[in-house]
Amino acid sequence: MPSFKIAVLKGDGIGPEIVQSALQVLEKVGELFGYSFTFEEGLIGGVAIDQKGDPLPQETLELCLKSDAVLLGAVGGPKWDDLPTHKRPEKGLLGIRKALDLYANLRPAKVYEPLISSSPLKDDIVRGTDFIVVRELTGDVYYGEPRGVFRENGKRVGINTMRYTEDEIRRVVRKSFEIARGREKKLTSVDKSNVLEVSALWREIVQEESKNFPDVEVEHLYVDNCAMQIVRRPSSFDVIVTGNIFGDILSDEAAVITGSLGMLPSASIGDKHALYEPVHGSAPDIAGKGIANPIATILSASMMLRYSFGLTQVADTIEKAVEIALQRGYRTPDIYTEGTKKVGTKEMTEAIISALEDLCESS
Ligand code: NAD
Ligand code: IPM
Ligand code: MN
């Protein structure tokens with residue numbers, strides 16, 4: 001039986017609740033399709049600070065390096081909000097992304113037909129939306145030096161540095177062209193090249209690379225305009241490629257189109273390693289209440305099967321099962337609309353698992 005070794009980093013807040021759901025789904029598809037998954041847990045984020053004094057303990061990093069893939073929940077929360085930037089839970093997440101060189105973060109925003117009315121946008125605008133944001137994940141203002149709060153003439157000054165090397169831009173841009181080639185062959189590159197030199201370089205490299213992908217149509221948008229177009233004409237996008245900070249912001253915006261941030265999965269991919277995590281955070285406002293939407297994490301696990309293990313059919317089946325559970329009316333509170341069944345994390349997970357069983361029985 002093919003066997004895969006998965007590092008599981010549950011993290012903080014709703015992290016443990018939603019990762020548990022994804023593990024249950026993986027166990028079930030393992031049973032139904034004949035694969036064995038072994039799960040080994042590691043600490044990251046706030047829980048790692050509390051237990052080991054470090055948001056990314058060495059043993060967690062080693063566990064991830066020797067695993068076939070990593071599944072992560074979320075990190076952070078009010079308990080650790082007063083720590084300095086370099087000691088916060090979020091530093092653990094940034095550290096693992098950098099250490100595994102996960103430079104391309106794939107964030108698909110796809111509208112499930114039963115959820116069209118969960119979006120605050122008009123149905124006609126939302127219908128048919130299916131795009132993917134490719135967010136560069138290991139560079140930009142997130143990692144640039146110098147950074148810090150310094151003294152200048154007796155006053156404090158905060159400094160962060162937006163920085164991209166040519167090679168860092170080129171590899172994520174290439175990856176995006178390749179993804180576009182396998183989809184609708186349309187790439188939107190997002191920058192702020194009317195103001196920023198980093199962005200002017202970004203645009204230049206997209207233009208250079210487009211010569212190698214003549215079958216892919218390229219559009220350039222400034223990030224402010226793109227933020228507007230995403231809510232105005234979401235269904236016109238196919239692949240959007242952008243830097244780390246713009247991608248962070250645009251992907252949360254995209255979540256509104258799909259009904260909730262609780263719906264958006266992601267895959268963080270490098271040339272050697274990959275990590276799968278929902279786009280959302282630790283949602284401290286609902287942690288421990290049993291009402292978090294597990295779908296983003298379940299779909300992240302599905303992306304793991306697709307991208308890391310090549311199990312396309314199994315991944316398709318999980319996505320179909322999510323759709324069926326939604327068609328059957330199951331909704332966590334974040335996607336609830338009148339006339340549907342409001343359920344908690346556990347019931348939503350069970351609804352997806354029972355849809356999986358039905359799908360396998362009927363085939
Ligand atoms: P958040 O994504 O945690 O929450 C934003 C809003 O969305 C909240 O109202 C929350 O309840 C809701 N939400 C998020 N996920 C949900 C789900 N699965 N089901 C239902 N509702 C959901 O963002 P925030 O509140 O700005 O940040 C909270 C903490 O999470 C911070 O410490 C932040 O740094 C951290 N964070 C971590 C990650 C990550 O680990 N990848 C991502 C974003 C934020
Ligand atoms: C995300 C989060 C992280 C980011 C934070 C928690 C470091 O917002 O994964 O989108 O900004 O990358
Ligand atoms: Mn974010």
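For ligands, and for the atoms within them, numbers begin at 1 and follow the listed sequence. Count residues from 1 along the sequence.
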Taking non-hydrogen atoms only, is [X] closer than 4.0 angstrom to ligand 1 via side chain, backbone, both or neither?
X    : value
L93  : side chain
I14  : side chain
D334 : side chain
P284 : side chain

Report yes if [X] has an N/O atom closer than 3.5 Å to an N/O atom of ligand 1; otherwise report no.
X    : result
R97  : no
R88  : no
L72  : no
L261 : no
E90  : yes
G281 : yes
D81  : no
A74  : no

Short side-chain donor-acceptor distance under 3.5 Å, [Y] and [X]:
X    : Y    : result
D248 : Y142 : yes
T332 : D334 : yes
Q313 : D316 : no
S300 : E277 : no
N105 : S266 : yes

So, [X] side chain and [Y] main chain: donor-acceptor pair closer than 3.5 Å or not?
X    : Y    : result
D238 : E184 : yes
S362 : L359 : yes
E168 : T165 : yes
D12  : G76  : yes
T345 : A292 : yes
K341 : Y330 : no

Any idea how F37 and F39 line up, ring-wise: parallel (<30°), tilted (30 to 60°), or perpendicular (>60°)? parallel
For Y35 and F4, take the angle between the two ring planes, folded into 0 to 90°, and tell me which bin it lands in: parallel under 30, tilted 30 to 60, perpendicular over 60. tilted
If you have a sec, work out which protein heavy atom is nearest [atom] and how many Å separate them, to one decimal?
atom                    : result
atom 5 (C) of ligand 2  : E90 CG, 4.3 Å
atom 11 (O) of ligand 2 : Y142 OH, 2.5 Å
atom 2 (C) of ligand 2  : D248 OD1, 4.1 Å
atom 3 (C) of ligand 2  : R97 NH1, 4.0 Å

Honestly, for H280 the part within reach of ligand 2 (heavy atoms, under 4.0 Å) is neither
What part of R135, side chain, backbone, both or neither, has a heavy atom within less than 4.0 angstrom of ligand 2? side chain
Measuring to protein heavy atoms, does anything land under 4.0 Å from atom 36 (N) of ligand 1? yes
Kindly indicate whether atom 1 (P) of ligand 1 is approached by any protein heavy atom to under 4.0 angstrom. yes
May I ask you to check if ligand 2 and N244 share an N or O to N or O distance below 3.5 Å? no
For R107, take its heavy atoms, then give the atoms of ligand 2 lying under 4.0 Å from any of them. 1 (C), 9 (O), 10 (O)
May I ask you to establish whether R233 and F237 are in a cation-pi arrangement, using a distance under 6.0 Å from NZ or CZ to the six-membered ring centre and at most 45° from the ring axis? yes
Closest candidate by heavy atom, reference atom 30 (O) of ligand 1, pool G13, S282, A283, S260: S282
